[in-house]
Amino acid sequence: MFFSQLDGTIIAPTSSKPWGSGLLQWLEFTKLKGITVQGSGTIDGRGSVWWKESPYAAPTDEESRLLVPLNNTVKENPPISSSLGWKMPTTKPTALRFYGSSNVIVKGITIQNSPLCHLKFDNCIGVSVFNMSISSPGDSPNTDGIHLQNSQNVLIHNTNLACGDDCVSIQTGCSNVYIHDVNCGPGHGISIGGLGKDKTKACVSNITVRNINMRNTMTGVRIKTWQGGSGSVQGVLFSNIQVSEVEIPIVIDQYYCNSRKCKNQTSAVALSDITYEKISGTYTVQPAYLACSDSIPCVDVILSDIDLGRLQEKYHMDDAFCWKTFGELKAPVEPLIGCIQDGEQSQNWNKKDQYSCQA
């Protein structure tokens, strides 16, 4: 067992010289069995000197293109400025990363203003994160709160996540993830994906997200995949999600693209057994956006006990949108999301090898 007690403040350098040509991560724990990072201290990435170089003219890698047809504009927040004159490396570091480790615990600490992602778990088994805080401004680019990749048996709870990108990002190779009692916002919500980029195979299963408070986020609970990918997302439950001033609370986007134009492709990551239940609160753009693949439609999508109200201010409002989404509405659902189609898609896509994630 390894214990790291943090009760002070670790401060990142803000000049370019210590970083050289750039690092993928600043603080890293690798290939450990039983590692705990705990305490009342702070990891401060002092990211504003990195963010000021980031362009906002086009969607970033972690910004969905779905807002373009809805608003007819791409969100262009002004970059965070810095009085420092030098230029930082183009490779921005993640503040704290765990790689290839098991039985990992992170509790109590604060991570703030990371240049990129704040806390990342890659190829880890048995992760527990609780009673901690992550904080960066809502317009800080690509600053995911917690990023999960190729990790299993993950528990995240009683945590405050405020950042400029996804509060939690769940990527390929993740299974048995349970997130509950989390405050999210500002940020882009809690997301599975983007999956399947560059025709890769993505496998995600058994994800539960419940008892979440979201305020002033771009999306609420979201699944996003690239065209051309393969694999599957199965067994996802989003339950008891309270939203306030969230642009689009319920999202499936299988046409995810981080540039102005992406090539249409027939292959897709298959989505099935996705449940949104007890989603309530206020939205500012659209209650639900469910855009599934033409060739590999979403099946077994269930919406139950939905109570979403328009925030009547200066915002443009759109009705719910669905495309190739098959499933069921279970009353009450307000507003009515009548575009979901009854029954299952007739294609037996789940029997095709390229969409299967079974060993």
Side-chain angles (χ1 to χ4, degrees), residues 6 10-14 19 22-30 35 37 42-56 59-64 77 79-80 88-101 104 106 109-124 127 129 132-151 154 156 159-174 177 179 182-195 197 202 204 217-219 222 224 256 258:
L6 174 60
I10 302 176
I11 301 176
T14 55
W19 296 103
L23 299 172
L24 294 176
Q25 42 269 332
W26 173 30
L27 305 172
E28 183 177 31
F29 294 89
T30 301
I35 168 69
V37 176
T42 299
I43 296 172
D44 188 349
R46 298 204 285 184
S48 62
V49 295
W50 301 80
W51 306 329
K52 71 187 184 72
E53 304 295 340
S54 297
Y56 276 85
T60 65
D61 185 51
E62 292 301 323
E63 185 174 39
S64 174
N77 297 324
I80 298 171
M88 300 300 285
T90 56
T91 302
K92 301 183 181 77
T94 289
L96 177 60
R97 180 191 187 224
F98 295 85
Y99 175 79
S101 297
V104 180
V106 179
I109 67 170
T110 295
I111 306 175
Q112 65 187 32
N113 299 326
S114 177
L116 200 68
C117 176
H118 288 78
L119 176 59
K120 180 181 289 187
F121 298 93
D122 195 348
N123 282 275
C124 292
V127 171
V129 178
M132 68 163 295
S133 295
I134 288 174
S135 176
S136 66
D139 55 358
S140 54
N142 296 102
T143 52
D144 286 352
I146 300 176
H147 182 95
L148 307 175
Q149 185 166 334
N150 295 315
S151 294
V154 177
I156 300 170
T159 290
N160 297 316
L161 303 173
C163 55
D165 213 299
D166 294 329
C167 292
V168 182
S169 172
I170 302 168
Q171 300 297 324
T172 186
C174 290
V177 176
I179 302 167
V182 166
N183 295 318
C184 170
H188 290 185
I190 294 179
S191 296
I192 298 174
L195 303 173
K197 186 177 182 179
V204 174
T217 59
M218 187 180 78
T219 62
R222 168 172 62 160
K224 50 183 178 176
Y256 180 75
N258 69 341

Using disulfide (SG to SG under 2.5 Å) as the criterion, list what pairs up with C167, not counting sequence neighbours.
C184
With C163 via disulfide (SG to SG under 2.5 Å) - residues at least two apart:
none
Looking only at heavy atoms, what is the nearest atom pair of P89 and W19, with distance?
CG-CB, 3.9 Å
Name all residues meeting the ring-ring contact (aromatic ring centres under 6.0 Å, His included) criterion together with F121; count only those two or more places apart in sequence or in a different chain, and write none if there are none.
F98
State which residues pass salt bridge (charged side-chain N to carboxylate O under 4.0 Å, His left out) with D44; sequence neighbours excluded, sorted by chain then number.
none
Tell me every residue that passes side chain to side chain donor-acceptor pair (under 3.5 Å) with [X], counting only those two or more places apart in sequence or in another chain.
| X | answer |
| --- | --- |
| S191 | D166, R222 |
| D122 | R97 |
| S136 | S140, T143 |

side-chain contact (heavy atoms from CB on, under 4.5 Å) partners of [X], counting only residues at least two apart:
| X | result |
| --- | --- |
| A162 | P186 |
| L24 | T91 |
| N160 | S133, N183 |
| L195 | Q171, T172, I192, A202, V204, T225, V233, V269 |

